[in-house]
Amino acid sequence: MTSNNIILVGMMATGKSTVGAILAEELGYELVDLDHVIAESEDRSIPEIFAEEGEGYFRRLESETLERMLQGEKRVISTGGGAVLAAGNAELMLANGLVVALTADEEEILARVSENLDRPLLAGNAKERIARIMEERRDAYRFAHCTVDTTGLTAVEVSQHILMHQRG
Ligand code: S3P
């Protein structure tokens, strides 16, 4: 690994954005929330992009934005849960920073997403969809350098685990 970036990957609602903000503050790094960068560049929300352009368009934008953001240094990059899916993105992340996967058990994810309905892939029956997506992505986050199970932990505790990994 040649770069000092930290890249957070993992299922929706595992705390990537919240933990990313704490890490960036703690390290004095730039915070890059990929979904925010995409929404800003498009001047519309993620649900709007999905509804108006479809998932394929969003995924292309996500991969392009990820590649661009990985070119910097001293960044904490929080990715959307599906950013690991496109071919090549995992290798790109591994080559450009410390990749940390956040996990949580299904009940905790369901409890957390119920507070925020801004996730187009969960529209309808969130419980069923989460179960299906978790099954589909069972191995998708295994490529990370390290994994933190966030179940029952606060975002500050998760950040402390990651800083320990980073400092070796
Ligand atoms: C997605 C996760 C979302 C967002 C989009 C698709 C996914 O980000 O990128 O709704 O495919 O898992 P979060 O992981 O921050 O919820």
Side-chain angles (χ1 to χ4, degrees), residues 5-25 29-70 75-90 92-93 97 99-144 146-151 153-155 158-159 162:
N5 297 316
I6 296 181
I7 303 135
L8 301 178
V9 300
M11 254 305 271
M12 291 172 256
T14 47
K16 293 166 295 193
S17 298
T18 313
V19 169
I22 296 170
L23 286 174
E25 174 78 29
Y29 280 17
E30 182 188 351
L31 174 65
V32 176
D33 190 306
L34 220 53
D35 277 350
H36 287 184
V37 176
I38 294 168
E40 239 167 57
S41 74
E42 287 281 300
D43 202 20
R44 48 188 169 168
S45 68
I46 303 297
E48 280 167 349
I49 300 171
F50 268 75
E52 289 161 18
E53 312 291 346
E55 183 173 350
Y57 177 91
F58 173 77
R59 295 296 175 206
R60 280 192 296 280
L61 212 55
E62 184 174 48
S63 295
E64 282 165 24
T65 311
L66 175 69
E67 186 170 3
R68 207 169 63 245
M69 291 301 133
L70 284 171
R75 286 179 170 164
V76 178
I77 303 176
S78 301
T79 63
V84 299
L85 301 176
N89 281 1
L92 203 62
M93 293 188 224
V99 183
V100 181
L102 302 186
T103 63
D105 64 30
E106 215 170 299
E107 292 75 49
E108 184 134 344
I109 289 184
L110 186 61
R112 291 184 193 164
V113 296
S114 310
E115 292 161 18
N116 175 351
L117 300 171
D118 245 12
R119 293 185 168 97
L121 293 182
L122 302 183
N125 186 335
K127 188 174 163 55
E128 253 172 40
R129 284 177 178 250
I130 287 168
R132 187 171 49 77
I133 294 172
M134 282 183 91
E135 176 61 26
E136 280 168 8
R137 295 188 187 165
R138 207 162 24 147
D139 298 325
Y141 306 109
R142 293 230 170 115
F143 73 95
C146 59
T147 298
V148 180
D149 183 356
T150 69
T151 308
L153 297 184
T154 66
V158 175
S159 308
I162 296 172

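In each ligand, atom 1 is the first atom listed, and ligand 1 is the first ligand listed. Quick note: numbers below take in every heavy atom, side chains included, and nothing from hydrogens, waters or symmetry partners.
For Phe58, no nitrogen or oxygen atom sits less than 3.5 Å from a nitrogen or oxygen atom of ligand 1, counting backbone and side chain alike. Of the polar atoms of Arg59, at least one N or O is found under 3.5 Å from an N or O of ligand 1, judged by distance alone. Between Asp118 and ligand 1, a contact under 3.5 Å exists for no N or O pair. Considering both main-chain and side-chain atoms, Gly82 comes within under 3.5 Å of ligand 1 through a nitrogen or oxygen pair.
Side chain of Arg75 to backbone of Leu70: no donor-acceptor contact under 3.5 angstrom is found. Of the possible donor and acceptor atoms, one in the side chain of Lys16 sits under 3.5 Å from a partner among the backbone N and O of Gly10.
Here the heavy atom of the protein found nearest to atom 3 (C) of ligand 1 is Asp35 OD2, 3.5 Å. Among all protein heavy atoms, the one lying closest to atom 14 (O) of ligand 1 is Lys16 NZ, 2.5 Å. With hydrogens left out, the protein atom closest to atom 16 (O) of ligand 1 is Arg119 NE, 2.6 Å, a heavy atom. The shortest contact between atom 12 (O) of ligand 1 and any protein heavy atom is with Arg137 NH1, 2.7 Å.
Close contacts of ligand 1 with Gly80, meaning ligand atoms under 4.0 Å from a residue heavy atom, involve 8 (O), 9 (O), 14 (O).
The distance from atom CD of Glu64 to atom CD of Glu62, rounded to the nearest 0.5 Å, is 11.0 Å.
Using a 4.5 Å heavy-atom cutoff, the side chains of Thr147 and Tyr141 are not in contact. Side-chain atoms of Ile162 and Leu8, non-hydrogen and from C-beta on, do get closer than 4.5 Å to each other.
Residue Glu52 qualifies as enclosed at atom CD: its count of foreign heavy atoms under 6.0 Å is above 12.
A heavy-atom separation below 4.0 Å is not found between Arg112 and ligand 1. Proximity of Pro120 to ligand 1 is established by a heavy-atom distance of less than 4.0 Å.
Looking at Leu121 against ligand 1, only its side chain comes within 4.0 Å, counting heavy atoms.
When Val32, Leu34, Val37, Val84 are each tested for a side-chain contact (heavy atoms from CB on, under 4.5 Å) with Leu66, only one passes: Leu34.
Ion pairing between Glu136 and Arg132 holds under the 4.0 Å rule for side-chain N and carboxylate O.
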